[in-house]
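First up is the structure itself, then whatever we jot down about it.
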Amino acid sequence: TIYRGELLENNIPEIQRTNLANVVLLLKSLNIDNLLEFDFMDAPPQDTILNAMYQLWILGALDNTGSLTDLGRLMAEFPLDPPLSKMLITAEKYGCSEEVLTIVSMLSVPSIFFRPKDREQESDSIREKLMIPESDHLTLLNVYDQWKKHNFDAEWCNTHFVHIKSLKKVREIRSQLKDIMQQQNLKLTTCNNNYDIVRKSICSGYFSNAAKIKSIGEYVNLRTGIPCKLHPSSALYSLGYAPDYIVYHELVMTTKEYMQCVTTVDPHWLAEMGPMFFSVKEPGNRALRREIEAKERKEMEAQIQDSIRRKTELVNKQNNEEEDANSIRQRISTSVVVPGRSNTPLRTPKICLLYTSDAADDLLCVDLGGRRIIKKK
C-alpha cells in the first residue's frame, strides 16, 4: 500500500527542506564562522548551507572570505528574508523608505485580495481600479495608501474585496519594522510618488530573480533559464504591452510556473545591482570589463590570503594560551605535600590573606586552582 511503501516514517525536519539564508545570517551575526561543522540538531545538507551563503554574498551581506559585512550585520537586525532586508536598507539610501516599508509589510502576509465565486467579474473590475500597471509591488502600496486615506475603514475593504484582517496585520508589521529602523538610525523618507526609485529599490533585493521576455506573457529567468509566465491576476498581464525586463518576488507552481509579485525594471539597474551576473554591452566595453574582472579577482585572492593568515594567527594564539594555562594547572596539582602532618590537605590548599580596615577584619581566601574566591569577616 501507499501508506507502508511510499510514505516516510517521519517528516523531514524543516531545516533540511527550506531556504537557510536567514538562519545562516543569524549564525554569522552570533560570530559562528564555521557553519559546515556547526552542531545542528538535524544537520541540513552542506549544499544547502553553501547555497545560502552564496545568496548572502550576492546581496552583499558576506564578503569574499565569508565574513559578515556591515550591511549584513544591519540586515540581521530585521526579522525578514535577506532580500526584503536589503530592499528596505537600500530604500533609505534612495529616499523612499516609507513606501518600501509598506511594500515589505504587504509582502509579509498572504494574499490580501479575495474573489467570491458568484462575484468574480465584479471583484476583478474593482481590483483593476487599484492596480498600478507597471508593478504588482506598487499595486500593494496603492491598496494600503487608499485604505489609509479612508481612515483604515473596514467597509472600504469589503467593497474592494480586500481582507481586513490581512491589512490589520500589515499595519502591525509596519509599525514593528518602523521601530527597528528607528533603533538602527535609518531615516524614514518619502519619494512623493516618484515610483522609479521605488522600483529600483525593489530591484536591489530581487535582481537575482530577473527575467527577460521570450514571448507575450512568457519570460525566461536570466540566471537559470527557467521559463516562467505572468499570472492572469498580475497588473502587468493587462498592461497592453510586455516589458522587456522584470523582477519577481517568487515562483508559484500550479499548472505552470507562474511569477508572483512582478515589477518592470530598467536593464541598467540589473547591471548596477548585480554586476556579478549582468553587464551592459557597449562598443569597446569588453576589454575594460576583462580588466575589472582581473582586478576584482586579485583583490578577492588577497582578501582570502589575509583572512587565512589572521585565522592562523588567532588559532596559534589560542593554542599558546591554552598551553600556558595547562602548565599552570599542572604545577599546582603536583605541589609537594609533607606526609605526617595532622592538617594534610585532601584537596588543593588555600592561601589566606588577612586584610584589616577601620570597620572590621576581612579574611580573603583564594583557591590556588583559581576556581573560587571566598571573602569572610
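None of the values given here were measured: they were computed from a predicted structure. Every heavy atom of this structure was used, including side-chain atoms; hydrogens, water molecules and symmetry mates were not.
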Between D124 and R127, does any side-chain N to carboxylate O distance fall below 4.0 Å? no
If you draw a 6.0 Å radius around CD in E37, do more than 12 non-hydrogen atoms from other residues or ligands fall strictly inside? no
Do NZ/NE/NH1/NH2 and the carboxylate oxygens of E122 and R115 come within less than 4.0 Å? no
Mind checking side-chain contact (heavy atoms from CB on, under 4.5 Å) for A210 and listing every partner two or more places apart, or none if nothing turns up? L222, V247, L270, F278
A quick test of your reading: do over 12 heavy atoms of other residues, nucleotides or ligands sit less than 6.0 Å from CD of Q121? no
Donor-acceptor pairs are to be reported for all side-chain atoms of residues 68-76 against protein atoms at under 3.5 Å, with residues two or more places apart or in another chain.
residue: T69; atom: OG1; partner: G60; partner atom: O; Å: 2.7
residue: T69; atom: OG1; partner: A61; partner atom: O; Å: 3.0
residue: T69; atom: OG1; partner: G72; partner atom: N; Å: 3.1

Any chance you could measure I202, atom CD1, to T90, atom OG1, to the nearest 0.5 Å? 11.5 Å
Is the shortest side-chain N to carboxylate O distance from E313 to R309 below 4.0 Å? yes
Let's go through T189 and E92 carefully: what are the C-alpha distance in whole Å and the side-chain angles of both, what is the deciding distance for side chain to side chain contact (heavy atoms under 4.5 Å, CB included) to 0.1 Å, and is it a yes or a no? CA-CA 7 Å; T189 53; E92 191 257 348; 5.8 Å; no
Can you label the angle between the H249 ring and the H137 ring as parallel, tilted or perpendicular, going by 30° and 60°? perpendicular
Please check if atom CD in E321 has more than 12 non-hydrogen atoms from other residues, nucleotides or ligands closer than 6.0 Å. yes
In residues 142-151, what donor-acceptor pairs under 3.5 Å come from side-chain atoms, sequence neighbours left out?
residue: N142; atom: ND2; partner: L130; partner atom: O; Å: 2.8
residue: W147; atom: NE1; partner: D153; partner atom: O; Å: 3.3
residue: H150; atom: ND1; partner: Q146; partner atom: O; Å: 2.8

Residues, nucleotides or ligands: over 12 heavy atoms within 6.0 Å of Y237 OH: no
